[in-house]
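To start, the structure under review is shown below, and the notes come after it.
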2 protein chains.
Amino acid sequence: MTTSRPLRADAVRNRALLLAAAADEFAEHGLDASVADIARRAGIGKGTVFRHFPTKDDLIAAIVLDRIEALGAIGERLLHSEDAGAALLEFLAAAGDQRRQRDLSFLQEAGDALPEVVQARTRMFQTINALVDRAREHGAIRRDITGTDVILLMCAPNYVTSYVPGASPDLWQRYLAIIFDGLRPEGAHTLPQPPPDAL
Amino acid sequence: MTTSRPLRADAVRNRALLLAAAADEFAEHGLDASVADIARRAGIGKGTVFRHFPTKDDLIAAIVLDRIEALGAIGERLLHSEDAGAALLEFLAAAGDQRRQRDLSFLQEAGDALPEVVQARTRMFQTINALVDRAREHGAIRRDITGTDVILLMCAPNYVTSYVPGASPDLWQRYLAIIFDGLRPEGAHTLPQPPPDAL
DNA sequence: TAACAAGTTGACCGCTCGGTCCGTTTATCG
DNA sequence: CGATAAACGGACCGAGCGGTCAACTTGTTA
């Protein structure tokens with residue numbers, strides 16, 4: 001792996017500008033936001049975008065990678081927390097908070113371009129599995145819930161609130177709380193379907 | 001409102017073919033499915049599609065309208081059921097079952113084109129509110145849950161399972177069960193955010 | 001400061017999409 | 001039948017997209 005020459009000063013500034021603008025634009029208009037709009041918002045030319053990221057998917061992947069790694073770090077820190085149940089809930093809250101705005105859905109849709117993303121995602125999924133295992137052992141969540149269940153449900157609060165026009169940006173917390181109550185052992189009913197294979 | 005002339009025989013057949021093909025195509029490829037592909041699948045010309053529906057959104061709206069009315073009818077029937085809690089759960093199961101395949105998200109994204117869709121949706125929302133009110137009065141669900149909460153959460157099971165590649169088509173039932181457990185009174189924790197205004 | 005490589009830019013390309021249009025086909029009915 | 005209007009179909013159009021390129025600008029370095 002050759003590190004080649006260091007980036008020129010204006011190039012690193014433009015790269016940062018570009019990533020910030022792209023994140024904003026994706027947050028507002030979804031993944032369909034056009035590269036031209038992103039470039040305009042960043043105050044740079046369209047060609048420059050493609051010099052930094054050979055394809056639009058690579059740009060998306062770069063942003064997604066950031067998010068995944070940040071969330072993964074939070075998860076690993078919470079792995080050493082005292083209260084395993086609270087740790088899981090806190091992780092889910094961090095996930096919801098990070099994805100406040102429009103979805104970047106880091107599960108499948110995008111990012112399969114870069115293998116780094118797949119790798120980071122796999123790593124984060126393992127962290128979540130560990131978090132869930134601990135919570136289950138501590139009796140904080142019901143026995144029939146797997147890590148994959150939590151991974152899937154993780155995105156739901158932001159999804160359901162994305163349909164509410166003038167909602168509070170924290171509304172997702174309400175649905176996280178409801179769903180988390182569904183994960184608790186108290187008053188749990190047997191589930192009609194087995195859990196899916198790990199992702 | 002003039003009913004004008006009755007439709008020609010081949011026209012009604014093509015219309016049915018078109019609607020079926022469109023539903024299939026949307027189910028497979030999402031709302032981005034192209035009109036050309038739909039026409040090819042239906043075995044008719046692209047121009048014919050636009051003769052039946054002046055715009056792609058109108059085609060979507062027609063399908064969505066069907067679904068909403070079917071689901072609304074189920075809801076109204078369940079309104080007279082004995083067990084109010086079971087009725088709500090059954091309604092949610094019907095909703096999930098109908099939307100098995102890819103989402104047609106009849107909440108916001110599409111269908112605002114036709115005022116009929118808005119009207120049918122409003123009507124169905126009222127039915128859901130009534131269903132939820134009854135379930136709450138019977139103590140089948142917790143007191144702090146509103147009809148709007150249920151409307152939002154209704155879509156979640158299908159959404160979360162849409163990310164699982166080779167999953168069973170019934171996997172959504174697992175997540176409906178989990179979420180519904182979160183709506184039950186037993187072991188409920190207070191919610192951090194107030195419910196959103198009615199849609 | 002001179003010279004070069006790295007970076008920037010916007011016109012441009014090919015493609016796909018939703019939607020239009022008009023020549024052709026066909027169901028309908030006196 | 002034969003006439004007529006309704007329905008059909010696919011070539012066509014303009015807009016917008018992701019991505020390319022060659023001329024131009026600028027940070028860097030000896």
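We name chains A, B, ... by the order of the sequence lines, and we start the count at 1 in each one.
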Applying side-chain contact (heavy atoms from CB on, under 4.5 Å) between I128(B) and each of I151(B), L92(B), L71(B), report the one that passes. I151(B)
State whether T48(A) places a side-chain N or O below 4.0 Å from either non-bridging phosphate oxygen (OP1 or OP2) of dT9(C). yes
Residue D83(B) excluded, over 12 heavy atoms near CG under 6.0 Å: yes
Report the distance from atom CZ of R40(A) to atom P of dT9(C), rounded to the nearest whole Å. 14 Å
Can you tell me which nucleotide in dA7(D), dT8(C), dT20(C) comes closest to the side chain of H52(A)? dT8(C)
With a 4.0 Å cutoff (strictly under), does any side-chain N or O of N14(B) reach OP1 or OP2 of dA7(D)? no
Figure out the CG/C1' separation between D57(A) and dC17(D), and round it to whole Å. 13 Å
Would you state whether a donor and an acceptor, one from the side chain of R8(B) and one from the base of dA6(D), lie under 3.5 Å apart? yes
Would you mind reading off the distance between R13(B) atom CZ and dT25(C) atom P, rounded to a whole angstrom? 17 Å
Is the shortest side-chain heavy-atom distance between F53(B) and L18(B) below 4.5 Å? yes
Answer yes when R40(A) and D37(A) have at least one side-chain N-carboxylate O distance shorter than 4.0 Å, and no when they do not. yes
Taking side-chain contact (heavy atoms from CB on, under 4.5 Å) as the criterion, tell me which of I68(A), L199(A), V150(A) meets it with F125(A). L199(A)
With a 4.0 Å cut-off, would you call E76(A) and R123(A) a salt bridge? yes
Just the rounded figure in Å: distance from C1' of dG19(C) to CG of D58(B). 12 Å
Of the nucleotides dG7(C), dC8(D), dT28(C), which one has an atom closest to the side chain of D10(A)? dG7(C)
What nucleotide among dG7(C), dA7(D), dT20(D) has an atom nearest to a side-chain atom of R51(A)? dG7(C)
Heteroatom pairs (N/O) under 3.5 angstrom, protein to nucleotides 13-17 of chain C:
none

Under 4.5 Å between any side-chain heavy atoms of L65(B) and R121(B), yes or no? no
Which of the following nucleotides, dA7(D), dG27(D), dG7(C), is nearest to the side chain of A11(B)? dA7(D)
